[in-house]
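See structure below.
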There are 2 protein chains.
Amino acid sequence: MSIERAARVRRSPEAARENILAACEAILLEQGPQALKLADVAAGAGVANATVLHHFGSIDGVQTALMTRMIRQLVQRIAVDFGQHQDAVGRVGAGARALFDAFGTRGGARLAAWLELTGEARRMTAIRQAVQEVAALRMQLDSPVDETAVQDFMLVCVTMALGVGLFGDTMAELLGRPPERIREIALDLIEARIRQETGG
Amino acid sequence: MSIERAARVRRSPEAARENILAACEAILLEQGPQALKLADVAAGAGVANATVLHHFGSIDGVQTALMTRMIRQLVQRIAVDFGQHQDAVGRVGAGARALFDAFGTRGGARLAAWLELTGEARRMTAIRQAVQEVAALRMQLDSPVDETAVQDFMLVCVTMALGVGLFGDTMAELLGRPPERIREIALDLIEARIRQETGG
DNA sequence: CGCTCTATTGACATTTTTGTCGGTAATGTC
DNA sequence: GACATTACCGACAAAAATGTCAATAGAGCG
């Protein structure tokens with residue numbers, strides 16, 4: 001019997017990078033950032049180690065590209081969700097909901113935690129831009145009294161969404177409560193605050 | 001000139017372990033979990049690599065011991081803070097405050113995030129025990145209507161405390177708000193909920 | 001087809017990190 | 001002081017992870 005060698009796949013540079021980063025994302029979500037080893041990434045993508053290095057230069061390059069990609073996806077998802085609401089009343093609640101969705105799925109919160117732990121949290125500037133744009137939008141549309149109050153409030157929303165997205169499931173399981181409960185209550189707190197602000 | 005060799009320090013096994021784990025904790029807080037290398041830990045503790053291994057067997061043993069130690073400290077801190085309040089009214093607010101303190105300082109939230117990312121979140125069972133004890137205590141003292149409501153609420157408090165503790169400072173800086181703001185608003189949300197629950 | 005370009009690769013080199021081992025030196029005990 | 005115990009260390013070995021390089025092979029183009 002002859003030795004069969006898998007036919008070599010040749011992709012465009014973009015497709016090759018995409019393929020590798022997708023594998024990285026899966027590893028990050030399933031095993032955490034410390035499992036992002038060159039060999040594992042290459043194996044996950046179905047290519048040789050050297051191929052990964054050819055496209056990204058180093059394992060750090062891979063990580064940087066992964067962060068960038070995930071942040072871009074995250075911001076885009078938030079923007080889309082937020083843009084879908086037109087009425088002033090439901091917009092804030094829907095915005096909060098969009099935040100919770102964005103960070104609760106596809107590893108958004110895990111990415112943020114990774115950045116935080118590795119001291120690369122400055123990379124999240126894209127999030128800042130998005131939040132500030134949204135804040136400006138709300139000022140324009142709903143014209144609430146205090147601008148800093150709006151910013152403060154959005155700040156807390158983002159932080160809560162991150163916390164729930166990262167720890168929610170584990171905490172719920174740990175304490176024997178249904179996983180969606182945390183999110184419900186957190187959103188409830190937020191909406192109560194909104195009613196208080198706008199209503200009286 | 002003769003070669004001076006620093007006098008060898010000999011500690012009790014407990015003190016030696018303590019010394020090493022303290023160095024680990026500093027590294028974890030300053031540089032993140034990925035920086036917990038054997039050589040760095042040994043250097044931080046002022047001992048040889050082999051000494052670290054002598055006491056913990058392997059670098060994994062070091063990490064496990066560190067987790068255990070930090071969790072123990074964390075739970076103890078929460079318990080102390082919580083036990084200081086006697087009146088039923090302020091207890092919940094004070095409890096929430098204690099939670100925020102515990103996770104916001106000394107890397108409690110960073111530890112939790114690390115456990116979460118590495119998939120070792122089950123180690124946090126000590127936290128579960130503490131929360132359940134506190135919930136039982138509150139049921140006994142304040143006898144609110146619904147037990148699951150109390151549990152749900154504490155669950156959200158813990159998750160929010162974790163989120164604020166881990167992401168609060170970065171998010172505040174990122175959005176140009178004072179760092180203590182998040183904590184204030186979050187506690188405000190919680191206390192509003194308490195008033196709503198108990199008051200009407 | 002012949003040619004160029006470059007994504008891809010296995011084999012190898014380098015670096016980093018972890019772990020082993022025999023010996024040394026504090027400390028307590030008799 | 002003699003001895004046993006063991007925390008401690010330097011030097012080295014092993015393993016793991018990253019990175020280099022020359023050669024190979026798809027794909028487009030004349």
Original post:
After noting the C-alpha distance and the side-chain angles of A:Gln63 and A:Glu120, does the key distance pass the side-chain contact (heavy atoms from CB on, under 4.5 Å) rule?
Top reply: CA-CA 11 Å; A:Gln63 295 189 358; A:Glu120 303 232 27; over 6 Å; no
Original post:
Quick one: does B:Thr170's side chain get under 4.5 Å of B:Phe167's, heavy atoms only?
Top reply: no
Subject >> Spacing of A:Asn49 atom CG relative to C:dA11 atom P, expressed in whole Å >> reply: 13 Å
**OP:** Tell me which nucleotide among D:dG19, C:dT9, D:dC8 gets nearest to the side chain of A:Ser58.
**Re:** D:dG19
**OP:** Drop me the distance from B:Glu18's CD to B:Arg11's CZ, to the nearest 0.5 angstrom.
**Re:** 10.5 Å
**OP:** Give a yes/no on whether any side-chain N or O of B:His55 is located under 4.0 angstrom from OP1 or OP2 of D:dC8.
**Re:** yes
Subject >> Interatomic spacing from CE in B:Met160 to CG in B:Leu99 - rounded to 0.5 Å >> reply: 11.0 Å
Original post:
Which whole-number value in Å describes the distance from A:Arg11 CZ to C:dT6 C1'?
Top reply: 15 Å
**OP:** Starting from C1' on D:dA23, measure out to NE2 on A:His54 and report it in whole angstrom.
**Re:** 14 Å
Subject >> Residue met sooner reading DNA chain C from 5', once B:Ile59 and B:Arg10 are mapped to nucleotides >> reply: B:Ile59
Original post:
Quick one: A:Leu38 CG to D:dT20 P, roughly how many Å, whole number?
Top reply: 11 Å
**OP:** Indicate, with a heavy-atom threshold strictly under 4.0 Å, whether A:Ser12 touches base, sugar-phosphate, or nothing.
**Re:** nothing
Original post:
Is the closest side-chain heavy-atom distance between A:Met171 and B:Met154 below 4.5 Å?
Top reply: no
**OP:** Could you tell me the separation between the CG atom of A:Leu53 and the C1' atom of D:dA22, rounded to a whole number of Å?
**Re:** 16 Å
Subject >> Residue A:Lys37, side-chain heavy atoms: nucleotide from C:dT8, D:dT18, C:dT9 that is nearest >> reply: D:dT18
Subject >> Short side-chain N/O contact from B:Thr51 to OP1 or OP2 of D:dC9, under 4.0 Å >> reply: yes
Original post:
Between C:dT17 atom P and B:Ile27 atom CD1, what is the distance in whole Å?
Top reply: 12 Å
Original post:
At under 4.0 Å between heavy atoms, what does A:Ala50 touch on the DNA or RNA strands: base, sugar-phosphate, or nothing?
Top reply: base
Subject >> Spacing between B:Gln34 atom CD and C:dT17 atom C1', to the nearest angstrom >> reply: 15 Å
**OP:** Mind calculating the distance between CD1 (B:Ile20) and C1' (D:dA7) to the nearest angstrom?
**Re:** 10 Å
Original post:
Below 4.5 Å, heavy atoms only, C-beta onward: do B:Gln34 and B:Trp114 meet side chain to side chain?
Top reply: no
**OP:** Just jot down the side chain to side chain contact (heavy atoms under 4.5 Å, CB included) partners of B:Leu53, sequence neighbours excluded, or say none.
**Re:** B:Leu38
**OP:** Let me have DNA chain C in dot-bracket notation, would you? Count Watson-Crick plus G-U wobble pairs, both distances under 3.5 Å, and use [ ] for pairs crossing earlier ones and | for inter-strand partners.
**Re:** ||||||||||||||||||||||||||||||
